[in-house]
Amino acid sequence: MPLGELLLQNDVITREQLDEVLRFKKETNSPKYVGEILIDKGFTTEIQIKKVLEFQYRIPIVDITDMRIPPEVTSILDENLCRRHTMIPLAISDDELTIAMDDPLNYYAEEDVKRVTHYRIHQVMAMKADIMNAIDRYYSGESAVHAVEELQADYSGIDMDELSRLSESEVANAPVVKLINSMLVDAIRKKASDIHIEALENEMRVRFRVDGALQEIMRVPKAAHAPVITRIKIISGLDIAEKRLPQDGRVEMTVDNRRVDIRVSILPTVYGEKVVMRVLGLGKNAKYSRDSIGFTPKNMELFEKIIQNPNGIILVCGPTGSGKSTTLYTVLTEFNKIDTNIITVEDPVENKLAGINQVQVNVRAGLTFASGLRSILRQDPDIIMIGEIRDGETAEIASKAAITGHLVLSTIHTNDAPSSVSRLVDMGIPHYLVATSVVGIIAQRLVRKICPKCKTEYTPDHSEMMMLKLKEPRKLYKGAGCISCNGTGYSGRTAIHEVLPIGKEIKDLIEKKATTEQIRQMGSRLGALSLRDSAMALVMAGTTTTEEMLKVTYSVDM
């Protein structure tokens with residue numbers, strides 16, 4: 001029986017819903033299965049479909065998130081085959097292979113596995129996302145390990161400068177190419193923001209920054225370092241002969257049908273060149289919404305108050321990697337309408353936004369934030385976004401643009417919202433101009449979230465209660481560490497904020513040359529939450545830990 005009829009028979013969907021999906025599939029010639037379209041349209045859920053299949057065909061649903069799969073089992077099936085059919089092998093018993101599948105009715109998947117393995121197949125069902133996560137976890141690293149072994153065998157002791165003179169077809173199957181490709185794919189699938197390739201005294205170390213923390217991925221013999229660096233220089237358009245000076249480049253690649261931009265920085269060190277590859281974004285695949293920013297209801301209320309202003313400067317402050325650009329892109333996406341001319345000047349353009357004119361800074365060609373901003377003002381803009389206010393010239397032009405009727409969005413490197421006022425003054429902007437032009441400042445940090453798979457509760461000790469200002473003991477949470485979170489106890493990140501609208505009271509303080517502390521106290525009286533308060537609320541809600549709160553906010557509020 002077709003899946004649609006089966007769901008209809010079990011009262012999971014209605015006849016009208018099924019007819020709508022079948023009509024949609026026919027009219028659009030969609031390659032998606034009926035079940036996928038039903039889920040996309042919100043007519044049912046994945047678990048509802050699987051429960052019907054479990055009842056009808058006696059195929060059990062299993063939770064594979066914390067399951068440890070032996071290497072000898074995963075090696076039976078090729079990664080491409082697993083991805084193509086959304087399945088993963090779980091266990092072997094005599095002549096029977098247990099496989100977790102997303103779609104147990106996929107006849108071709110079962111036949112492909114039988115043909116490759118010659119095992120009898122025992123099917124179980126698992127959630128699609130869990131299967132894909134398991135494939136990422138068990139297969140991505142293996143390809144890198146195999147590539148390292150090949151690299152050692154084929155390239156140890158060879159001058160890798162010769163690699164630059166080979167054609168792409170000649171190097172396509174070279175071990176160094178396989179290693180770098182698998183490394184990049186692994187990093188992107190693990191949602192790493194940065195890849196660190198470091199030359200140590202006797203070996204090369206690779207680390208990924210995941211959820212803001214560095215994790216060691218592998219160590220390989222030093223002989224692999226030279227060919228790896230050479231290959232990275234080639235694909236990012238850098239000079240392979242230059243080993244004494246820093247270099248910067250860029251790579252674009254497609255992973256799992258997503259276009260990804262990677263910024264490359266090479267720095268000479270005492271043991272050889274160090275590479276940091278920053279994953280800039282997912283281009284058209286990135287989605288920005290208010291829900292993704294992570295504002296609390298109170299901060300959202302203050303944020304709304306700020307963005308209602310038709311002109312003025314809105315600043316987002318925080319260190320590198322604190323999500324400032326994401327917040328600005330979210331605001332731009334909301335303002336991106338047919339009657340609004342939005343122009344940005346960025347370094348780099350992290351994500352391309354449809355309908356928005358984005359300018360890439362090019363210092364060598366003379367296109368800086370300041371010069372770009374001057375040109376933008378002649379382009380009849382309604383909203384201007386400056387990637388960062390770095391100097392007095394840019395700050396001055398931005399301030400004058402704000403008081404002449406433009407809404408200016410930008411970032412600035414300060415520890416908290418009140419400190420941004422002092423930073424602008426230090427850049428040479430008069431107090432009266434800061435008070436007149438700035439309408440709101442948002443300080444932001446990212447904190448790691450507790451892994452939901454290994455989340456455990458505990459009772460805090462006296463010291464922790466003091467930090468959290470608790471008068472009575474209460475249950476808190478932390479991650480014990482599991483396969484899903486790579487033993488860290490954390491999975492994913494969310495933002496904490498300090499939102500400071502620059503209203504009449506604070507404008508008066510700025511004009512009177514008040515101190516940062518006086519501005520902070522006034523903001524608190526007007527309802528602004530500090531970064532520490534925002535982080536503390538997440539600890540109480542079981543979203544993050546006290547340890548993470550202290551790590552992120554210690555220098556801000558202590």
Side-chain angles (χ1 to χ4, degrees), residues 302 306 309 311-325 327-328 331 344-347 361 363 367-374 376-377 384-404 406-445 496-526 528 530-532 552-558:
L302 296 173
I306 291 174
N309 288 280
N311 52 63
I313 299 177
I314 299 175
L315 292 174
V316 181
C317 63
T320 301
S322 59
K324 301 186 298 296
S325 295
T327 299
L328 288 180
V331 177
T344 76
V345 53
E346 306 170 59
D347 183 24
V361 165
V363 177
L367 179 55
T368 62
F369 280 119
S371 62
L373 187 49
R374 284 197 200 92
I376 285 174
L377 290 173
I384 301 167
M385 196 270 267
I386 309 167
E388 182 185 343
I389 294 180
R390 295 176 178 172
D391 52 61
E393 186 181 9
T394 306
E396 182 181 1
I397 301 171
S399 300
K400 291 179 178 177
I403 62 177
T404 54
H406 302 90
L407 184 63
V408 180
L409 311 176
S410 189
T411 69
I412 192 167
H413 283 292
T414 56
N415 284 334
D416 58 8
S419 301
S420 299
V421 174
S422 300
R423 180 77 180 109
L424 290 173
V425 172
D426 290 342
M427 289 181 181
I429 308 303
H431 285 84
Y432 76 88
L433 189 53
V434 175
T436 305
S437 60
V438 180
V439 296
I441 307 172
I442 303 162
Q444 181 166 315
R445 298 287 191 281
I496 57 173
H497 302 90
E498 177 184 20
V499 183
L500 182 66
I502 307 297
K504 183 180 183 308
E505 297 90 343
I506 293 182
K507 285 180 183 294
D508 289 343
L509 284 178
I510 295 173
E511 287 185 346
K512 293 175 182 176
K513 302 182 180 181
T515 65
T516 297
E517 186 57 35
Q518 288 172 320
I519 295 173
R520 181 180 292 111
Q521 290 173 2
M522 177 59 76
S524 180
R525 285 199 293 272
L526 295 174
S530 69
L531 290 169
R532 170 62 65 86
V552 173
T553 67
Y554 182 84
S555 63
V556 176
D557 293 305
M558 292 298 286

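Fair warning: this is a prediction, and the values are worked out from it, not measured in the lab.
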**Donor-acceptor pair, side chain of Asp391 and main chain of Thr394, under 3.5 angstrom** = yes
**Request:** Would you name the heavy atoms of Val345 and Phe369 that are closest together and state the gap between them?
**Result:** O-CE2, 3.3 Å
**Message:** Any non-hydrogen side-chain atom of Leu500 less than 4.5 Å from a side-chain atom of Ile442?
**Reply:** no
**Message:** Donor-acceptor check, side chain of Asp508 to backbone of Glu505, threshold 3.5 angstrom: yes or no?
**Reply:** no
**Asked** Would Ser530 and Arg520 count as a side-chain contact (heavy atoms from CB on, under 4.5 Å) if you check the C-alpha gap in whole Å, the side-chain angles of each, and the deciding distance to 0.1 Å?
**Response** CA-CA 9 Å; Ser530 69; Arg520 181 180 292 111; over 6 Å; no
**Prompt:** Is the shortest heavy-atom distance from the side chain of Ile376 to the side chain of Ile386 under 4.5 Å?
**Reply:** no
**Prompt:** Would you say Gln444's side chain and Ser322's backbone share a donor-acceptor pair under 3.5 angstrom?
**Reply:** yes
**Message:** If we count only N and O atoms by modelled type, under 3.5 Å, do the side chains of Glu388 and Ser410 hold a donor and an acceptor together?
**Reply:** no
**Message:** Can you tell me if Lys400 has over 12 outside heavy atoms packed within less than 6.0 Å of its NZ?
**Reply:** no
**Message:** Using a 3.5 Å distance criterion without hydrogens, assess whether the side chain of Ser399 forms a donor-acceptor pair with backbone atoms of Ala395.
**Reply:** yes
**Prompt:** With a 4.5 Å heavy-atom cut-off, do Ile313 and Val434 have their side chains touching?
**Reply:** no
**Asked** Do Leu373 and Ile384 touch side chain to side chain, with heavy atoms closer than 4.5 Å?
**Response** yes
**Request:** Could you tell me whether the side chains of Thr414 and Ser420 share a donor-acceptor contact shorter than 3.5 Å?
**Result:** yes
**Prompt:** Is Val408 close to Met385 at the side-chain level, that is, under 4.5 Å between some pair of heavy atoms?
**Reply:** no
**Request:** Indicate the atoms forming the closest heavy-atom contact of Ala443 with Leu531, along with that distance.
**Result:** O-CD2, 3.8 Å
**Message:** Test side-chain contact (heavy atoms from CB on, under 4.5 Å) on Thr404 and Leu377; report intermediate values, then the result.
**Reply:** CA-CA 10 Å; Thr404 54; Leu377 290 173; 5.7 Å; no
**Asked** In this structure, which one of Thr411, Ile389, Leu409 forms a side chain to side chain contact (heavy atoms under 4.5 Å, CB included) with Leu315?
**Response** Ile389
**Asked** Got a second to check how far Cys317's SG is from Arg423's CZ, nearest 0.5 Å?
**Response** 12.0 Å
**Prompt:** So, Thr515 versus Glu517: side-chain donor-acceptor pair below 3.5 Å or not?
**Reply:** no
**Message:** Within the 3.5 Å criterion, strictly below it, is a donor on Ser371 or Thr368 matched to an acceptor on the partner's side chain?
**Reply:** yes
**Item:** Nearest non-hydrogen partners of Lys324 and Ile412, listed with the distance
**Value:** CD-O, 4.5 Å
**Item:** Closest contact, heavy atoms only, Pro501 versus Leu302
**Value:** CG-CD2, 4.0 Å
**Request:** Mind checking the OG1-CD1 spacing from Thr327 to Ile314? Nearest 0.5 Å is all I need.
**Result:** 11.5 Å
**Asked** Is there a side-chain contact between Arg445 and Asn415 (heavy atoms, below 4.5 Å)?
**Response** yes
**Message:** To the nearest 0.5 Å, what is the distance between CG on Leu509 and CD on Gln521?
**Reply:** 10.0 Å
**Request:** Please collect all side chain to side chain donor-acceptor pair (under 3.5 Å) contacts where either partner lies in residues 424-437, sequence neighbours excluded, each pair once.
**Result:** none
**Message:** To the nearest 0.5 Å, what is the distance between CG on Asp416 and OG1 on Thr553?
**Reply:** 11.5 Å
**Asked** Please walk me through it: do Val438 and Val421 pass side-chain contact (heavy atoms from CB on, under 4.5 Å)?
**Response** CA-CA 9 Å; Val438 180; Val421 174; over 6 Å; no
**Leu424 side, atom CG; Leu433 side, atom CG - distance, nearest 0.5 Å** = 9.0 Å
**Request:** Using atom types as modelled and distance alone, determine if a side-chain donor or acceptor of His406 lies under 3.5 Å from a backbone N or O of Ala401.
**Result:** yes
**Heavy-atom pair with the smallest gap, counting every atom of Ser422 and Thr516** = OG-OG1, 2.8 Å
**Prompt:** What heavy-atom pair brings Ile519 and Pro418 nearest, and what distance separates the two atoms?
**Reply:** CG2-CB, 4.0 Å
